[in-house]
Each structure stands twice: as C-alpha cells, then as structure tokens.
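Sequence positions, counted from 1, serve as the residue numbers for this chain. Bear in mind the structure is a predicted one, so any value in this text is a computation, not a measurement.
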Amino acid sequence: LAPAELRHPPEYDFSPRDIARATRADWLVWGGYEAFMERLFEAAEFPEDRILQVSTNNAPPLMAAEVEKLAEALGTTEAFEEWEEALREVTELISLGLDASFLPGSRAVVNSHQEEFVRWLGIEVVGVFGPAELTPGQLRNLLAEEPDLVIDNWHNALGEPLGREVGTYYSLINFPGREGTETLLDVLRYNAEELGIIE
C-alpha cells in the first residue's frame, strides 16, 4: 500500500481507497512496525488469520525463511524454489567478494535494522543503535567501543553523527525502492555494492 518510492514507508498514512483495497485482499503482509497498518486492520475489519508479518532484517538465511513462509501461505512453493536458487547465486557472489574485502573481522556499530545482515557478513558488531534517535550518552558509549565503521539504515538514518566521528560510514537498505531496486535480491546486491563487496 505504501508507495515504494517513499524513503520511510512505515510513515505512510492510509487513505479511504486503501481501506477498500484491504477489504478486497486475500492477505495483508506487513513488517510489524508500520503504525498505519494496525489502524488499517481495524478500519477494514480484516481477519487476523489472513495477516502475515515478515521480518525485514535481510541476512540471507532469514530472508529465505521469510520468503518460504510467504510461499507456503500463498501456495507458491514452486516459485519459492526457483527464487531460492537465485538467492544462492547472489549469496555465493557476495561470499566470493568477501574473501577479498577488509570487512570480515572489522568492528562496527550498526543500525538495528541491519544487524543480522552485518553479522552474516562476518563483521563484528560492537554496538547497535536505533530505532529511536541517538542520545548524547548513547553516542558517547558507541564511540567508546572504537568501531572501524558505522553501518546505518537508509530508510531511517540515525548514525550520521557516529559516521562523522568514525570516518567510515555506510548506508544500506532493508527493502526495495531506492535507486531502482525492485526485489529482495536487488536489496542484497545493492547493499553488497554499497559495502564494496561486489561491483
């Protein structure tokens, strides 16, 4: 329902047209943090057993589990098997790029929405921030960990003050929309390119 071009779709406010669309839907899928969706469920009187919640923290094993969960609910397991093979190809490409990268073993402070992906890459997470704004005390504590890099979430960027202090700052995405990304595999490729793992 939220337009993909929005930087932070969870801030979307639904319209009467969205209520009508929701009442005609077989399923409603959400990430669990979109405030407008909870209000929409009530307004559309949508049955709870037709609501699917997914995680958008995109480490490939978690991503595969979430897509498989959707495929089972929607009856699209054959399509999932094809997609899973494409996921394997992308993760193998990323793994090869990691072999030549400085990232594994680096110490990072990370936006909570990117934590699982960053851990999957083999980066040591020494601090996590978000989803709330950083306080001066949190900023001080995170900097005390002496991270090598800061990895933020573009959709709700909070780590720029940390990035200015640390000097190495990356901004990743956790769902499609930015710079023409359309699929979850695009999200993986985009993030790997941002980190210099693949070209």
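Put simply, the side chain of Ile94 does not reach to within 4.5 Å of the side chain of Asn191, judged on heavy atoms. Between Asp148 and Ile123, every side-chain heavy-atom pair lies at or beyond the 4.5 Å cut-off. A 4.5 Å side-chain heavy-atom check between Val67 and Glu84 finds every atom pair outside the cut-off. Proximity of Leu40 to Phe46: side-chain heavy atoms (C-beta onward) are nowhere separated by under 4.5 Å. The closest side-chain heavy-atom distance from Leu142 to Pro147 is not below 4.5 Å. Contact check for Gln114 versus Asp152: no side-chain heavy atoms found under the 4.5 Å cut-off. Side-chain contact check for Phe129 versus Asn111: some heavy-atom pair is nearer than 4.5 Å. In this structure the side chain of Leu195 reaches within 4.5 angstrom of the side chain of Phe117, judged on heavy atoms.
Heavy atoms only, all atoms of each residue included: Val150 and Gly159 are closest at CG1-O, 3.8 Å. The heavy-atom pair separating Ser171 from Tyr190 by the smallest distance is O-CE2, 4.3 Å. Scanning all heavy atoms of the two residues, the minimum distance from Trp120 to Pro60 falls at CD2-CD, 3.4 Å. Scanning all heavy atoms of the two residues, the minimum distance from Pro131 to Leu158 falls at O-CD1, 3.5 Å. The two residues Glu182 and Pro176 have their closest heavy-atom pair at C-CB, 3.6 Å.
Salt-bridge formation is detected for the pair Glu66/Lys69: a Lys NZ or Arg NE/NH1/NH2 atom is positioned less than 4.0 Å from an Asp or Glu carboxylate oxygen. Using a 4.0 Å cut-off between a side-chain N of Lys or Arg and a carboxylate O of Asp or Glu, Arg119 and Glu116 do not qualify as a salt bridge.
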Problem - Intermediate values then yes/no, side-chain contact (heavy atoms from CB on, under 4.5 Å), Arg50 and Leu28 - result: CA-CA 7 Å; Arg50 305 299 279 177; Leu28 289 179; over 6 Å; no
Practice task
Test Phe102 against Leu149 for side-chain contact (heavy atoms from CB on, under 4.5 Å), laying out the working first.
Solution key: CA-CA 11 Å; Phe102 73 93; Leu149 52 135; 4.2 Å; yes
Exercise for the section: Give the intermediate values and the outcome of side-chain contact (heavy atoms from CB on, under 4.5 Å) for residues Asn174 and Val187. Expected result: CA-CA 7 Å; Asn174 66 332; Val187 168; 5.7 Å; no
Exercise for the section: Dump the intermediate steps for side-chain contact (heavy atoms from CB on, under 4.5 Å) on Arg21 and Asp18, then the final yes or no. Expected result: CA-CA 5 Å; Arg21 290 172 69 194; Asp18 292 327; 3.7 Å; yes
Exercise for the section: Show the numbers, then the answer: is there a salt bridge (charged side-chain N to carboxylate O under 4.0 Å, His left out) between Glu85 and Arg88? Expected result: CA-CA 5 Å; Glu85 181 56 37; Arg88 263 193 295 275; 2.9 Å; yes
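Neither Leu103 nor Val126 shares a network with the other; the hydrophobic side chains, linked directly or stepwise wherever heavy atoms of I, L, V, M, F, W or Y lie under 4.5 Å apart, form separate groups for each. The hydrophobic clustering, which links ILVMFWY residues whose side-chain heavy atoms are closer than 4.5 Å, places Leu121 and Val128 together. In terms of hydrophobic clustering, with Ile, Leu, Val, Met, Phe, Trp and Tyr side chains grouped at heavy-atom distances under 4.5 Å, Leu87 and Leu93 are assigned to a common cluster. Val118 and Tyr170 end up in the same hydrophobic cluster when Ile, Leu, Val, Met, Phe, Trp and Tyr side chains are linked at under 4.5 Å. Residue Trp154 is not grouped with residue Leu172 when hydrophobic side chains (ILVMFWY) are merged at heavy-atom distances under 4.5 angstrom, including chains of intermediate members.
With rounding to the nearest 0.5 Å, the separation of OG1 in Thr181 from CG in Leu188 is 11.0 Å. With rounding to the nearest 0.5 Å, the separation of OG1 in Thr56 from CG in Asn58 is 6.5 Å. The structure places CZ of Arg24 at 12.0 Å from CD1 of Ile19, a figure rounded to the nearest 0.5 Å. Thr183 OG1 to Trp83 CH2: the interatomic distance, rounded to the nearest 0.5 Å, is 9.0 Å. Rounding to the nearest 0.5 Å gives a distance of 5.5 Å between CD of Gln53 and CH2 of Trp30. Interatomic distance, CD1 of Ile173 versus CD of Glu179, reported as 8.0 Å (0.5 Å rounding).
The backbone N or O of Glu145 sits less than 3.5 Å from a side-chain atom of Arg107, completing a donor-acceptor pair. Looking at Ser101, its side chain never comes within 3.5 Å of a backbone N or O of Gly97 through a donor-acceptor pair. Side chain of Asn141 to backbone of Gln138: no donor-acceptor contact under 3.5 angstrom is found. With Thr77 contributing its side chain and Phe80 its backbone, the two residues share no donor-acceptor pair below 3.5 Å. Under a 3.5 Å cut-off, the side chain of Asn57 and the backbone N or O of Ser112 do form a donor-acceptor pair. A donor-acceptor pair under 3.5 Å is formed between the side chain of Glu34 and the backbone N or O of Gly32.
Between Phe36 and Tyr12, the ring planes lie perpendicular to each other; the angle is over 60°, past the 30° to 60° tilted range.
Within 6.0 Å of CD in Glu78 there are 12 or fewer heavy atoms belonging to other residues, nucleotides or ligands.
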